[in-house]
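Just so we're on the same page: letters track the sequence lines, and every chain starts at 1.
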Protein chains: 2
Amino acid sequence: MEAQTFPARLPAGFADGVFPAGCPSRTVLDHITSKWGVLILVALSEGEQRWSELRRRAEGISEKMLAQTLKTLENDGLVHRHARPVIPPRVDYSLTDRGYELTALLVPLVAWAYDNAGEILKTRP
Amino acid sequence: MEAQTFPARLPAGFADGVFPAGCPSRTVLDHITSKWGVLILVALSEGEQRWSELRRRAEGISEKMLAQTLKTLENDGLVHRHARPVIPPRVDYSLTDRGYELTALLVPLVAWAYDNAGEILKTRP
DNA sequence: TTAGGTACTCACCTTTTGGTAAGTTAGGGG
DNA sequence: CCCCTAACTTACCAAAAGGTGAGTACCTAA
């Protein structure tokens, strides 16, 4: 513990190592680590995409959850929604600067999960 | 889309940008991005800790959820459990190499959430 | 006139998640 | 003899998450 150097430090707010119950970061963390939130954000890291495209990429997501997830991410200022006034409707979603910043951290996490999933589930009791 | 350089690339398995429904990485991702999983892993990034200490740090967690979360992480080979044969019992939890590798990605994420939570929730509709 | 395409919303119901409170273990101290 | 402590486990119940299928809007093309 003394000898080992850890690669990343928690912000000063967690100096005592306690994660406070009412901390606002809990809410944000819940949004960005939600089952579908991660996938949508990472999908958007490849560039602007429309609703139907996101639906196709996050395989298995229902329309209800896609709508709900996108709305949450939009409200958090992570995703930008651009509705074009055409018929049939066309809506393009993209990352905001903040969302883009976040995916820089999220993409490696998903990549790690992908790379290690086989090993992890194989060894499981 | 063409002009913008994204900071991280998805692994080749996602080359077409589709996240397959049955992909094993979904399971792993669910574990490591679970509400309490993240906090436990990040807490352990500060070094070996016993049950009661983790319970204190992940403020608001119930004993049931702590037990469940730790068992999942242990089964995934991310956390090591060391039960000392003493009375009253003493059990120390620490990260495995794999878990340590993971927290290198998780800690910055939590730090980002902490740093941005104020801004995000303030701007929310 | 009617069907089709896209991006939703809504009501209803099931499944999953999670909290609470109690019980369990084993040995040491009073 | 009984209670204490720490680390759990279990049964039960409430809450939240999430799926299904229907409905909506609007213009275009057949």
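- Atom CZ in A/Arg84 sits about 11 Å away from atom P in C/dA7, given to the nearest Å.
- Closest to the B/Pro88 side chain, of the nucleotides D/dC8, D/dA6, C/dG19, is D/dA6.
- In this structure, B/Ser52 reaches the D/dA7 phosphate: one of its side-chain N or O atoms is under 4.0 Å from OP1 or OP2.
- Distance from the side chain of A/Ile87 is smallest to C/dG5 among C/dG19, D/dA6, C/dG5.
- Rounded to an integer number of Å, the gap from OH of A/Tyr93 to P of C/dT6 is 15 Å.
- Closest to the side chain of A/Trp51, from the set C/dG19, C/dA7, C/dG5, is C/dA7.
- With D/dG18, C/dG18, D/dC8 as the candidates, the nucleotide lying closest to the side chain of A/Met65 is D/dG18.
- Using modelled atom types and a 3.5 Å distance limit, the side chains of A/Trp112 and B/Glu101 yield a donor-acceptor pair.
- At whole-Å resolution of the value, CD in B/Glu74 and C1' in D/dA7 are 13 Å apart.
- Comparing C/dG18, C/dC8, D/dA7 by their closest approach to the side chain of B/Lys35 singles out C/dG18.
- Protein atom NZ of A/Lys71 is 16 Å distant from nucleotide atom C1' of D/dG18, rounded to whole Å.
- Salt bridge B/Glu74/B/Lys71: absent, no basic N to carboxylate O contact under 4.0 Å.
- Under 4.0 Å is where a charged nitrogen must lie from a carboxylate oxygen, and between B/Lys122 and B/Glu119 at least one such pair does.
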task = Assess whether side chain to side chain contact (heavy atoms under 4.5 Å, CB included) is satisfied between B/Leu70 and B/Trp51, documenting all intermediate values.
result = CA-CA 9 Å; B/Leu70 282 170; B/Trp51 164 277; 3.9 Å; yes

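- Per the geometry, CG belonging to A/Leu66 stands 12 Å off C1' belonging to C/dT6, to the nearest Å.
- One interatomic measurement links the two molecules: CD of B/Gln68 to C1' of C/dT16, which rounds to 11 Å at whole-angstrom precision.
- Residue B/Arg50 places at least one side-chain N or O closer than 4.0 Å to OP1 or OP2 of D/dA7.
- For A/Lys64, counting side-chain heavy atoms from C-beta on, the closest listed nucleotide (D/dG18, C/dG19, D/dA6) is D/dG18.
- Under 4.0 Å is where a charged nitrogen must lie from a carboxylate oxygen, and between A/Glu53 and A/Arg56 at least one such pair does.
- Within the 4.0 angstrom heavy-atom criterion, no nucleotide atom of any strand lies near B/Arg55.
- Looking at heavy-atom distances under 4.0 Å, B/Arg81 makes contact with sugar-phosphate atoms alone, never a base.
- Residue A/Pro89 has its side chain nearest to C/dG5 when only C/dT20, C/dT9, C/dG5 are considered.
- A straight line from CG of B/Leu70 to C1' of D/dC8 spans 11 Å, rounded to a whole angstrom.
- For B/Glu63, whose side chain is taken as the heavy atoms from C-beta onward, the closest listed nucleotide among D/dC8, D/dA7, C/dA7 is D/dC8.
- Summarising the geometry, the separation between CG on A/Asp30 and P on D/dG18 is reported as 11 Å, rounded to the nearest angstrom.
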